[in-house]
Amino acid sequence: MEQRIGSSSKPPEGAGFDPAFIPGLTSPASAEPEDAKPEADAPEAAGPEEDAAPAGAETPAKPALEKEAPQEESPEGPVFEASDRRAKIVADRRGVRLSLDQEACEFRWDEIGAVETESPRFGKRFTITVHTPDRRWYPIEIEATARSRFKEWEEQLDTVLDAYFEEA
C-alpha cells in the first residue's frame, strides 16, 4: 500500500490537532513549571541553605555537560545541512533531524526506511521526505537561493546516505 501526497490523503488522526501525537516531533516537557519561584521558600531558613548547596553543585555540572556535547557532535564523516528561513535538515552520523519553525523531529539511521528527494520542475523548493518502516513519511521543503543548489544538495545528501544508511 502506498501513501499519496496531495489533497486526497487524510492526515493521521490527532496529528492535525496535537503535534505531540507524532513521536519525536516535540521535545519532552520540562519537569519544573516556568512560573515556579525558588524564592517562595524564603520563610524556612534551613531549607534554602540546604537546597542552595546541591543547586550550586548542579549548576557547574550542566555547563560542563553542555561543553562536552559539541565535542561528541563533531562530525567524523560527511554531513549534509540545508536550511532556509523556516526549515532545516541535518543528516550526519547520528541520523536525520528535521525542523520547521519551532517543531523538530529526529530519526536515527535504524528508524529510517528510505530518504526521498524531489526537485520541482519550476520554483525553488527542494523537498526531502524521510520514510519510516511503519509506512509513515515526514516531508520537509527547503527554499533554495537558486535552482543550482539542488544538484549540490543532492550530491551532499547522497554522500551522507552512502556513508551511514544501510538498506535492509
Side-chain angles (χ1 to χ4, degrees), residues 1-32 34 62-168:
M1 178 176 165
E2 289 189 33
Q3 295 178 332
R4 295 182 191 170
I5 298 176
S7 61
S8 63
S9 65
K10 292 175 57 177
E13 288 185 24
F17 302 104
D18 184 14
F21 185 79
I22 300 174
L25 188 62
T26 58
S27 62
S30 62
E32 186 176 310
E34 292 179 14
K62 287 182 181 178
L65 292 174
E66 290 174 5
K67 290 178 184 176
E68 291 175 13
Q71 291 174 356
E72 291 177 15
E73 292 180 11
S74 62
E76 295 177 5
V79 175
F80 169 71
E81 187 170 343
S83 63
D84 64 6
R85 60 187 169 82
R86 294 185 60 207
K88 179 177 182 179
I89 180 170
V90 178
D92 58 12
R93 65 181 175 85
R94 291 176 38 205
V96 177
R97 291 178 299 285
L98 308 174
S99 60
L100 179 65
D101 296 330
Q102 292 84 21
E103 303 298 327
C105 60
E106 183 171 343
F107 302 95
R108 294 184 319 266
W109 288 111
D110 61 338
E111 296 176 321
I112 298 173
V115 177
E116 177 185 4
T117 61
E118 184 180 346
S119 302
R121 187 171 175 187
F122 304 105
K124 296 188 284 186
R125 290 186 179 258
F126 185 69
T127 304
I128 299 173
T129 306
V130 176
H131 296 269
T132 59
D134 59 349
R135 297 185 183 201
R136 293 184 183 248
W137 71 89
Y138 302 88
I140 191 163
E141 290 184 339
I142 308 288
E143 189 170 342
T145 54
R147 290 184 53 84
S148 60
R149 296 290 309 259
F150 293 164
K151 186 175 181 182
E152 176 186 336
W153 285 347
E154 288 267 1
E155 291 171 357
Q156 289 176 356
L157 185 59
D158 282 343
T159 304
V160 171
L161 292 174
D162 289 343
Y164 302 116
F165 184 67
E166 296 178 12
E167 295 184 35

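As the structure is a prediction and not an experimental result, all values here were calculated from the model.
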(request) Of all the heavy-atom pairs spanning Pro133 and Gly113, show the shortest one and how long it is. (result) CD-N, 3.8 Å

(message) If you define the side chain from C-beta out and look only at heavy atoms, does anything of Thr127 sit under 4.5 Å from Thr117?
(response) no

(message) Quick one, Val90 and Val96 - any side-chain contact, counting heavy atoms below 4.5 Å?
(response) no

(request) Identify the two heavy atoms, one from Ala91 and one from Leu157, that lie closest to each other, and give their separation to 0.1 Å. (result) CB-CD1, 4.3 Å

(request) Among Ile128, Thr129, Val130, find the one that has a side chain to side chain contact (heavy atoms under 4.5 Å, CB included) with Glu116. (result) Thr129

(request) List the atom of Glu154, the atom of Phe126, and the distance in Å for their closest heavy-atom pair. (result) OE2-CE1, 3.6 Å

(message) Once rounded to the nearest 0.5 Å, what's the spacing between atom CG of Leu100 and atom CD1 of Ile89?
(response) 12.0 Å

(request) Identify the heavy atoms of Lys88 and Ile140 that sit nearest to each other, and give their distance. (result) O-CD1, 3.6 Å

(request) Would you check if Glu106 and Arg94 make a side-chain contact, meaning some heavy-atom pair closer than 4.5 Å? (result) yes

(request) Could you tell me the separation between the OH atom of Tyr164 and the CD1 atom of Ile112, rounded to the nearest 0.5 Å? (result) 12.5 Å

(request) Please examine the side chains of Thr132 and Tyr138, heavy atoms only from C-beta on, and report whether any two atoms are closer than 4.5 Å. (result) yes

(message) Minimum heavy-atom separation for Phe80 and Val160, please, with both atom names.
(response) N-CG2, 3.5 Å

(message) Any side-chain to backbone donor/acceptor pair from Arg147 onto Arg125? Under 3.5 Å, distance only.
(response) no

(request) Go through the structure and list residues passing side chain to side chain contact (heavy atoms under 4.5 Å, CB included) with Arg149, not counting sequence neighbours. (result) Ala144, Thr145, Glu152, Trp153

(message) Restricting to non-hydrogen atoms, name the atom on Gly123 and the atom on Pro120 that form the minimum distance, rounded to 0.1 Å.
(response) O-CG, 3.9 Å

(request) Return the set of residues passing salt bridge (Lys or Arg N to Asp or Glu O under 4.0 Å) with Arg108 (not counting sequence neighbours), or none when no residue passes. (result) Asp110, Glu111

(message) With side-chain contact (heavy atoms from CB on, under 4.5 Å) as the criterion, how do Glu103 and Leu98 come out once you've worked through the C-alpha distance, each side chain's angles and the decisive distance to 0.1 Å?
(response) CA-CA 8 Å; Glu103 303 298 327; Leu98 308 174; over 6 Å; no

(request) Please confirm whether the backbone N or O of Gly77 pairs with a side-chain atom of Arg93, one donor and one acceptor, at under 3.5 Å? (result) no

(message) Arg86: which residues meet the salt bridge (Lys or Arg N to Asp or Glu O under 4.0 Å) condition with it, sequence neighbours left out?
(response) Asp101

